Amino acid sequence: MAQKQKAILKISAETDTFKEFQDSLARENYIKAEVAYLIDQGYLLAKSERGEGTDTLQVTFHQGRQYQWVALNQGGLPSDVLVKSGFDDRMFNGKEVSYGTILKLFERIIQASESKGFPFAEVGLDSLALEGNSLSAAINYEKGPFISFDTIKVTGSSKTDPVFLAKLLQISPGTPFSQRKIDESISRVRNLPYLRIIDEPSLSFQNSEATFYLPIDDRKINMLDGIIGFLPNELEQNKILVTGQFDLALYNVGGKGRNYTLNWQRLSQHSQNLEVNAVEPLVLGSNVDVMAQFSFLKQDTSFLNRDFRIDLGYRVSPALYLTFFNSRQAGGLLDVSRFQQAEVLPEAADFRFSNYGVHMDYNGLDDVFFPRRGYFASFEVGLGNKRLLENTALPERLYEGVEMESLQYFIKFNLEKHFYFQPNIGLWAGLRGGQVESGNLLLNDLYRVGGLRSIRGFNENFFYASRFAYLNVEPRFYFDSYSYFMIFADIGRLENAVGRVHTDWPRAGGAGINLDTGGGMFRFIYALGKSSTQPFAFNYSKIHFGYTGRF
């Protein structure tokens with residue numbers, strides 16, 4: 001096979017310069033780029049003069065005269081477009097004539113016009129005057145016809161209410177057309193887990209109105225899920241404890257974006273956990289979503305926690321979602337008879353905690369339902385007053401000298417990154433952490449970590465932590481669109497300001513499979529974990545499997 005002939009360029013100037021290129025096309029692109037650069041620097045008559053040659057081409061670049069602006073007037077540019085485009089004649093007066101700078105200004109003017117209802121605006125230069133190397137001109141602006149939004153037409157099979165979509169995407173009939181809103185609406189729809197864009201959205205203009213055609217289908221993500229776990233029974237030797245979990249999730253109920261979820265877990269022989277969530281979007285025609293959440297945790301015979309929370313959410317941008325919340329938490333002891341002879345207050349106690357805070361989500365995933373690329377980040381902080389309640393079944397002496405009211409705050413964060421290296425090779429990595437601080441911290445104030453959704457290889461909510469951080473790394477081998485084999489490694493650092501084990505470094509590893517069956521998802525995971533309270537042994541291994549039905 002003959003070797004490809006390289007192309008040589010000889011640049012004639014005060015001293016000749018030679019450049020070598022892979023081929024003549026790359027050489028030609030270089031010459032054009034050099035001339036374009038000179039023009040952008042104000043040498044409007046710059047050109048290249050070529051000599052003879054094929055393999056070695058001789059070229060001379062002639063700059064010519066450099067031109068400068070004397071004045072660039074706004075002409076007939078409207079004041080609102082003027083402000084939004086950022087035009088300032090001081091950016092041009094006395095400066096070199098740059099084609100790139102003018103082009104960027106024109107792009108900003110067109111974008112400002114498109115967001116004000118004038119998508120057919122035209123802009124150019126007028127009244128050009130040249131004296132020596134000084135240039136003056138005025139901006140010639142034609143705004144074109146005013147266009148308003150008509151309606152959104154759903155062209156797919158989705159049963160989503162078009163009126164709800166118009167409110168969600170802020171594209172209401174009669175409002176000025178905005179290309180920015182069109183672009184943002186596509187991103188907003190992509191970030192909705194219950195909708196899928198099946199084709200390119202389109203626009204049509206008629207009678208000074210714009211109709212937005214949105215080709216979307218409903219995704220089958222309503223979930224009915226049950227998981228069974230087989231764990232060593234810590235209360236009865238040589239016996240297996242069967243734990244359970246039930247999940248129900250209903251999305252876009254009635255085609256109006258209402259979401260409802262329910263999660264129940266049996267964590268151990270005497271422990272249960274219940275969480276119920278409801279979302280009502282765009283309340284009373286506003287851009288605010290209202291969310292309500294109730295959670296219930298019974299920790300064996302130690303304590304019972306209840307939490308009721310109200311969130312007000314607002315979509316700052318297609319990717320950023322901001323929430324303000326108020327939460328009222330209550331905790332209470334269950335079996336108090338064992339503390340009759342105690343000399344100090346138990347680690348868990350009765351309390352009431354009312355707090356306010358803010359939560360932020362940033363979604364940069366390519367698919368919010370089943371991502372392959374991108375990242376997700378969330379952050380939450382809350383602050384409030386906690387009040388201890390005196391339990392009448394406990395001796396009064398236990399409360400002597402105890403701080404009954406204190407300021408308490410908490411912080412949580414979550415970072416996830418999805419990598420997609422090849423059609424069948426991917427990687428998911430996640431980092432989560434949190435901290436809770438108070439002048440009188442209790443055991444039933446602490447975070448619960450461990451299990452299938454955090455550090456695998458341990459019982460659900462195995463650890464108590466006042467401060468924690470853990471890293472999940474999961475390489476995946478895809479053999480179908482939503483099916484993959486995976487191995488994983490989890491490592492964390494936990495601090496417990498209440499318990500006897502102040503710092504722990506749990507580690508876990510294992511493998512599993514996620515199998516898409518068309519009507520749902522089958523999952524099987526085998527995990528081994530090690531911590532200061534659990535040895536790395538096969539008789540402590542955890543097996544989780546279950547089937548998630550989607551409809």
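Quick caveat, the model's predicted, so the values are computed rather than measured.
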Contacts of type side-chain contact (heavy atoms from CB on, under 4.5 Å), residue Pro193, not counting sequence neighbours: Ile221, Val368

Presence of salt bridge, Arg50 and Glu28, under 4.0 angstrom: yes

Over 12 non-hydrogen atoms of neighbours within 6.0 angstrom of NZ in Lys220: no

Residues that Asn252 engages under side chain to side chain donor-acceptor pair (under 3.5 Å), provided they are two or more places apart: Thr160

Donor + acceptor pair across side chains of Ser157, Asp217 (<3.5 Å): yes

Aromatic ring pairing Phe370/Tyr484, orientation class (parallel under 30°, perpendicular over 60°, tilted between): tilted

Distance-only donor-acceptor check, side chains Gln206 and Ser204, under 3.5 Å: yes

Test item: Glu460 side-chain N/O and Leu452 main-chain N/O as donor-acceptor pair under 3.5 Å: yes

Salt bridge flag under 4.0 Å for residues Arg453 and Asp247: yes

Glu474 and Asn472: side chain donor to acceptor below 3.5 Å: no

Salt bridge (Lys or Arg N to Asp or Glu O under 4.0 Å) contacts touching residues 131-143 (sequence neighbours left out): none

Ser98-Asp40 side chain donor-acceptor pair, cut-off 3.5 Å: yes

Passing option when Asp161 is tested against Lys167, Arg258, Lys256 for salt bridge (Lys or Arg N to Asp or Glu O under 4.0 Å): Lys256

Phe369 six-ring face occupied by Arg219 cation (under 6.0 Å, within 45°): no

Residues Glu275 and Asn273: side-chain donor-acceptor under 3.5 angstrom: no

Greater than 12 external heavy atoms within 6.0 Å of Phe146's CZ: yes

Mutual orientation of the aromatic rings belonging to Phe177 and Phe205 [parallel < 30°, tilted 30-60°, perpendicular > 60°]: perpendicular

Aromatic centroids of Tyr362 and Phe376 separated by under 6.0 Å: no

Side-chain donor-acceptor contact under 3.5 Å, Asp289 with Tyr321: yes

With Phe246 via side-chain contact (heavy atoms from CB on, under 4.5 Å) - residues at least two apart: Leu224, Leu248, Leu262, Trp264

Donor-acceptor pair between Asp307 and Ser327 side chains, under 3.5 angstrom: yes

side-chain hydrogen bond (donor to acceptor under 3.5 Å, both in side chains) partners of residues 370-379, not counting sequence neighbours, each pair once: Arg372-Tyr420

N/O donor-acceptor pair under 3.5 Å between Ser178 side chain and Lys181 backbone: yes

Atom CZ of Phe522 with >12 non-hydrogen neighbours under 6.0 angstrom: yes

Listed partners of Tyr30 passing ring pair (Phe, Tyr, Trp, His ring centres under 6.0 Å), at least two apart: Phe21

